[in-house]
Engineer: 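Take this structure, written in structure tokens, and hold onto it; I'll ask about it next.
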2 protein chains.
Amino acid sequence: MRLSKRGEYGLRAMIMLAGTPHEDASLPVVQIKEISQREQISIKFLEQILLTLKNAGLLHSKMGVGGGYYLARPASEITLGQIFRVLDGPVAPIKCVSQMAYEPCGCPDEQTCGLRLVMGDVRNAIVDILDHTSLEDVAKRQESVRQSLGLTSQ
Amino acid sequence: MRLSKRGEYGLRAMIMLAGTPHEDASLPVVQIKEISQREQISIKFLEQILLTLKNAGLLHSKMGVGGGYYLARPASEITLGQIFRVLDGPVAPIKCVSQMAYEPCGCPDEQTCGLRLVMGDVRNAIVDILDHTSLEDVAKRQESVRQSLGLTSQ
DNA sequence: ATAAAGTCTATAATACTAGTAGACTTTAGT
DNA sequence: ACTAAAGTCTACTAGTATTATAGACTTTAT
């Protein structure tokens, strides 16, 4: 039940982008280098990850001087589930309960397989969280933790 | 978020053992070979898995002629979480929210890390299911599905 | 032009997965 | 005692996934 480093880094980067208010609206983009430094992620590895997210339509980018990345949609419309699936594949712990990538798992009778029933519950519990938590939700929650700790934003 | 084949096979085998009523109380053990055939699992691979579960104290065995495996405790006292952890390690999707195997994950500030907050929820949701579902629960649920399908037991 | 920035593909080291193999030990029955 | 049935234990292997690193390329502002 593990989130890969790819998934972790990608999610952290997206959350950071959601939590970075563009006070300076003329510079809505953030560079790979800055994300890499602030989140402590290898820049070359992060490049790949952001590119994948871009090709999946979750990020937009601007090339050339003054370029960088920005969310393809409002933070409220991007869920952690979408990001997760792009980077780490299906959420289901076992293929026979996957909605996105169903495949029989090889048990003698899938219809009455007890493991499948339970893993279906697990899948639903995970999906409930990941597909109903947007980047905005995370950014807000983060902010509220910061305030309850008496820290200033950023 | 994937259950390995090891984990899948081990859980299936344990569920099978829990669902096999020892009507013939003089023969409470089931042989590897039989589990392998009924669950369609490579016998050599299954050997390893059952041995691991035995060494973890979840199974007992009897060697020699007429030997085999049986649950170390009543099915109601063995949870899927216990089995899972033996075969697939910690349940938490990321180390920084693991109770059993905590490790910092490398984010700049763990206390306010939004990803960590959400993954903590995911961990709790999974643990809620796996640690509160016993082998007996699964066997009963399986049986009730069988009946609702109009099948006879076994 | 040039430098800043993203794009894309290839490669590599390491670890993990899903087995397979085979020699060994224990035990029941004769 | 012998034998066959059954679990025990360790090593090995082929394939795949993970976590990067490298470098050449393209786009764009100035």
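Remember, it's a predicted structure, so these values are computed and weren't measured experimentally. The chains referred to below are lettered A, B, ... by the order of the sequence lines, with proteins before strands, and numbering in each begins at 1.
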Engineer: From dC8(C), dA28(C), dG6(C), pick the nucleotide closest to the side chain of Ser61(A)?
Structural biologist: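 Selected nucleotide (nearest to the side chain): dG6(C).
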
Engineer: Looking only at side-chain N and O atoms, does Lys54(B) come under 4.0 Å of OP1 or OP2 in dG7(D)?
Structural biologist: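 No.
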
Engineer: Using a distance-only criterion (donor-acceptor N/O pair, under 3.5 Å, no hydrogens), is the base of dG7(D) paired with the side chain of Lys33(B)?
Structural biologist: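 Looking at the base of dG7(D), it does not pair with any donor or acceptor on the side chain of Lys33(B) (distance under 3.5 Å).
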
Engineer: Return yes if the base of dT19(D) and the side-chain atoms of Gln48(A) contain a donor-acceptor N/O pair under 3.5 Å, otherwise no.
Structural biologist: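 No.
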
Engineer: For Leu115(B) versus Val138(A), what's the shortest heavy-atom pair and its separation?
Structural biologist: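 Between these two residues, the closest heavy atoms are N-CG1, 4.4 Å.
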
Engineer: Under 4.0 Å between any heavy atoms, over every strand shown, what does Gly64(A) touch: base, sugar-phosphate, or nothing? Just pick one.
Structural biologist: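 Base contact.
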
Engineer: Counting side-chain heavy atoms from C-beta on, which of dT27(C), dG7(D), dT20(C) comes nearest to Ile32(B)?
Structural biologist: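 Nearest to the side-chain atoms of Ile32(B), counting from C-beta on, is dG7(D).
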
Engineer: What is the distance, to the nearest angstrom, from the CG atom on Leu59(A) to the C1' atom on dT7(C)?
Structural biologist: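 The answer, rounded to whole Å, is 14 Å.
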
Engineer: Please report the interatomic distance CG(Leu117(B)) to CD(Glu110(B)), rounded to the nearest 0.5 Å.
Structural biologist: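 Answer for the CG-CD pair, Leu117(B) versus Glu110(B), is 10.5 Å.
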
Engineer: Ignoring hydrogens and angles, state whether a donor on the side chain of Asp137(B) or Ser134(B) is under 3.5 Å from an acceptor on the partner side chain.
Structural biologist: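 Per modelled atom types, Asp137(B) and Ser134(B) side chains form a pair under 3.5 Å.
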
Engineer: Mind calculating the distance between NZ (Lys5(B)) and C1' (dC16(C)) to the nearest angstrom?
Structural biologist: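 In whole Å, dC16(C) C1' and Lys5(B) NZ are 16 Å from each other.
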
Engineer: Tyr9(A) side chain N/O closer than 4.0 Å to the phosphate oxygens (OP1, OP2) of dA20(D)?
Structural biologist: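 It does, given that an N or O in the side chain of Tyr9(A) lies less than 4.0 Å from OP1 or OP2 of dA20(D).
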
Engineer: May I ask you to evaluate whether Ser42(A) reaches the phosphate of dT21(D), defined as a side-chain N or O under 4.0 Å from OP1 or OP2?
Structural biologist: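 For dT21(D), OP1/OP2 do have a side-chain N/O of Ser42(A) under 4.0 Å.
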
Engineer: Give the rounded distance in Å between these two atoms: CG of Leu17(B) and P of dG7(D).
Structural biologist: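 It works out to 11 Å between those atoms.
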
Engineer: Given that Gln31(B) and Asn55(B) both sit by DNA chain D, which one's nearest nucleotide is further toward the 5' end?
Structural biologist: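 This one resolves to Gln31(B).
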
Engineer: For Ser98(B), which of Pro93(B), Cys105(B), Pro90(B) qualifies under side-chain contact (heavy atoms from CB on, under 4.5 Å)?
Structural biologist: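 Answer after filtering Pro93(B), Cys105(B), Pro90(B): Pro90(B).
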
Engineer: Between atom CG in Leu46(B) and atom P in dT8(D), what is the gap in whole Å?
Structural biologist: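 That distance rounds to 12 Å.
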
Engineer: Rounded to whole angstrom units, what separation is found between the CZ atom of Arg2(A) and the P atom of dT17(C)?
Structural biologist: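 These atoms are roughly 10 Å apart.
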
Engineer: Both Val65(A) and Leu51(A) contact DNA chain C. Which one's nearest nucleotide lies toward the 5' end?
Structural biologist: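 It is Val65(A), whose closest nucleotide lies nearer the 5' terminus.
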
Engineer: Nearest whole angstrom, please: distance from the C1' of dT8(D) to the NZ of Lys62(B).
Structural biologist: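 Roughly 16 Å, once rounded to whole Å.
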
Engineer: Starting at atom CD1 of Ile49(B), determine the distance to atom C1' of dT8(D), rounded to an integer number of angstrom.
Structural biologist: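 Checked: the CD1 to C1' distance equals 15 Å.
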
Engineer: Which value, rounded to the nearest 0.5 Å, describes the distance between Met16(B) atom CE and Arg12(B) atom CZ?
Structural biologist: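 Going from CE on Met16(B) over to CZ on Arg12(B), the span is 11.0 Å.
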
Engineer: In whole angstrom, what separates Glu47(A)'s CD from dG23(D)'s C1'?
Structural biologist: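 From Glu47(A) CD to dG23(D) C1': 11 Å.
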
